[in-house]
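First the structure, in the form of structure tokens, and then the observations on it.
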Amino acid sequence: MADATYTPAEYRAVVAGLVPEMPVVPTPLADCRGLVLAEDVVAPVSLPPFDNSAMDGYAVRAEDVATAPVSLPVADDIPAGRTDVRPLEPGTAHRIMTGAPLPPGADAVVQVELTDAGTGTVHITAPVPAGKHLRRVGEDVRAGTVVLRAGTVLGPPQLGLAAAVGAADLPVRRRPRVVVLSTGSELVEPGTPLEFGQIYESNSVLIAAAVRELGGLATVLRAVPDDVPAFRRVVADVDADVLVTSGGVSAGAYEVVKDALTDHGVRFVRVAIQPGGPQGSGTVDGLPVIAFPGNPVSAALSFELFLRPALLTAMGHPTPDRPRTRARVTTPLTSPSGKVQYRRAHLDSGRVQVVPVGGPASHLLASFAAANCLIEVPAATTAIPEGTEVDVVLLT
Ligand code: AMP
Ligand code: MG
């Protein structure tokens, strides 16, 4: 019986269904970048927490400097960090630094540039209106209000804000632990000599980098040869949220992943895409296993189309999809009937023209490395004339 054939969208849903939602764990801010907040964050303090000076200068009562030029005795010195600030007596000034608490009774700050910077007495050259150079309590954030919503992807500004309201850690969905395993008796680790008939193993580093880029934790295992018992032994020892394999899933002989895991919880199917048609997925003794074809571009594209959105969704990302646009293709394209074709391409910075890079074949990794987008050719389309507007998936 022929293998089941899925559309890309159907198979994407199959993979998403295998990757469990990650649990919520309190995580130190330093490890939260790129993770997704699972609960609203309510500020326990206001920002600023107290009225303070926006300038280095002198805290005064505006009415005392209304007739400037004027000289006032300097009754106190308030650097940032002082916690025991005394009230300002009428007719005096306190020297004050940026961020230091405003003394009770003061209603303005004269910036140091409008003074002689005196420490015993200060000569003030110009008047200032009440409220000048003050930062008011709660002006930025009011205590008790939500500052970050559940579902927010935590980037540098959000993490800075969390720290500013005093959070040491945040409730986020934890990073998925992904184990990456390449198969193939021809594979040799980079950095070692290559004999005729062998190739350098490149899928694991690519997939692991892609996992880490979206915030996952990747562990790469040493590639296993096309040996079913050896492969099964490695799989049995894997402790992860997801195991990703590459190679050994298509229709030839020595298809180690297919031979080892058929009837052990993994279904091997065809997806109507080019490249990357043969795919496997399922659960082996409770371990979700996603089996990609071995050709480097097929493996990379499989990650992009199926596992990337599944991992992002498991991490709670509200939008697991890449941004898309439409642009005019600079050369004619052909595509097989009945398959969605993904062509490596380069989109110009104005997003007007898209230039195909290399052919559609799945071993052409250099053209993938030179691409910044994919052209998506619908299943029913077999020919695209030059200049046609096409769907573009942005990769960067
Ligand atoms: P397979 O899916 O095992 O039939 O492999 C398809 C093609 O991809 C073959 O030319 C393999 O040599 C190549 N290939 C498989 N795995 C890798 C890998 N990890 N790194 C680089 N090339 C690979
Ligand atoms: Mg192989």
Side-chain angles (χ1 to χ4, degrees), residues 3 5-6 8 11 15 178-213 218-235 238 240 242-262 264 266-282 289-308 336 339 341-342 344 358-371:
D3 293 335
T5 298
Y6 289 79
Y11 194 66
V15 173
V178 179
V179 167
V180 183
L181 175 60
S182 294
T183 67
S185 296
E186 73 280 28
L187 303 177
V188 171
E189 275 189 37
T192 57
L194 202 59
E195 287 181 31
F196 178 76
Q198 299 180 324
I199 60 166
Y200 287 121
E201 196 281 297
S202 61
N203 287 348
S204 66
V205 73
L206 186 157
I207 294 169
V211 167
R212 292 178 188 130
E213 190 172 67
T219 304
V220 174
L221 302 182
R222 178 179 287 274
V224 293
D226 294 318
D227 177 89
V228 168
F231 176 76
R232 283 207 181 119
R233 277 196 298 278
V234 173
V235 172
V238 170
V242 184
L243 168 64
V244 189
T245 66
S246 71
V249 298
S250 44
Y254 310 106
E255 302 290 5
V256 64
V257 178
K258 195 174 190 179
D259 294 345
L261 300 184
T262 299
H264 287 80
V266 178
R267 283 190 72 202
F268 292 88
V269 302
R270 295 202 67 83
V271 180
I273 51 171
Q274 186 196 54
Q279 298 282 338
S281 55
V289 177
I290 312 297
F292 292 156
N295 266 307
V297 177
S298 302
L301 191 68
S302 302
F303 182 89
E304 184 60 39
L305 296 181
F306 307 128
L307 194 50
R308 183 178 186 277
K339 290 184 180 180
Q341 188 191 54
Y342 290 91
R344 286 135 268 174
S362 57
H363 63 293
L364 303 173
L365 188 56
S367 59
F368 198 40

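One-based numbering, in listed order, for ligands and for the atoms of each. Only heavy atoms go into these numbers, but all of them, side chains included; no hydrogens, no water, no symmetry mates.
Nearest non-hydrogen protein atom to atom 20 (N) of ligand 1 is Ser202 N, 3.0 Å. Scanning the protein for heavy atoms near atom 4 (O) of ligand 1, the closest one is Ser250 OG, 4.0 Å. Scanning the protein for heavy atoms near atom 2 (O) of ligand 1, the closest one is Gly294 N, 2.8 Å. Protein heavy atom at the shortest distance from atom 18 (C) of ligand 1 is Asn203 ND2, 3.3 Å.
Under the 3.5 Å distance criterion, the side-chain polar atoms of Tyr200 are matched with a main-chain donor or acceptor of Thr192. When atom types are taken as modelled, the side chain of Asp226 and the backbone of Ser185 share a donor-acceptor pair closer than 3.5 angstrom. Although no hydrogens or angles enter the test, the distance criterion places no donor-acceptor pair under 3.5 Å between the side chain of Arg267 and the main chain of Gly280.
The atoms of ligand 1 that sit less than 4.0 Å from any heavy atom of Ile199 are 12 (O), 21 (C), 22 (N), 23 (C). Less than 4.0 angstrom separates some heavy atom of Glu201 from each of these atoms of ligand 1: 18 (C), 19 (N), 20 (N). Taking every non-hydrogen atom of Glu186 and a distance limit under 4.0 Å, the qualifying atoms of ligand 1 come out as 11 (C), 12 (O).
Every N/O-N/O distance between Ser204 and ligand 1 stays at or above 3.5 Å. Residue Gly248 places at least one N or O, backbone or side chain, under 3.5 Å from an N or O of ligand 1. In terms of N/O distances under 3.5 Å, ligand 1 is not approached by Leu187.
Residues passing the ring-ring contact (aromatic ring centres under 6.0 Å, His included) test with Tyr6 are Tyr11, sequence neighbours excluded. Thr183 meets the side-chain hydrogen bond (donor to acceptor under 3.5 Å, both in side chains) test with no other residue; sequence neighbours excluded.
Proximity annotation for atom 10 (O) of ligand 1: of Asn295, Val205, Thr183, Asn295 comes nearest, heavy atoms only.
By the criterion of a heavy-atom distance under 4.0 Å, the side chain of Ser182, and not its backbone, is placed next to ligand 1.
Taking CZ of Phe292 as the reference point, atom CG of Asn203 lies at 10.0 Å (rounded to 0.5 Å). The distance from the CG atom of Leu243 to the CD1 atom of Ile290 is 9.0 Å, given to the nearest 0.5 Å.
The two residues Arg232 and Asp259 come nearest to each other via the heavy atoms NH2-O, 3.8 Å.
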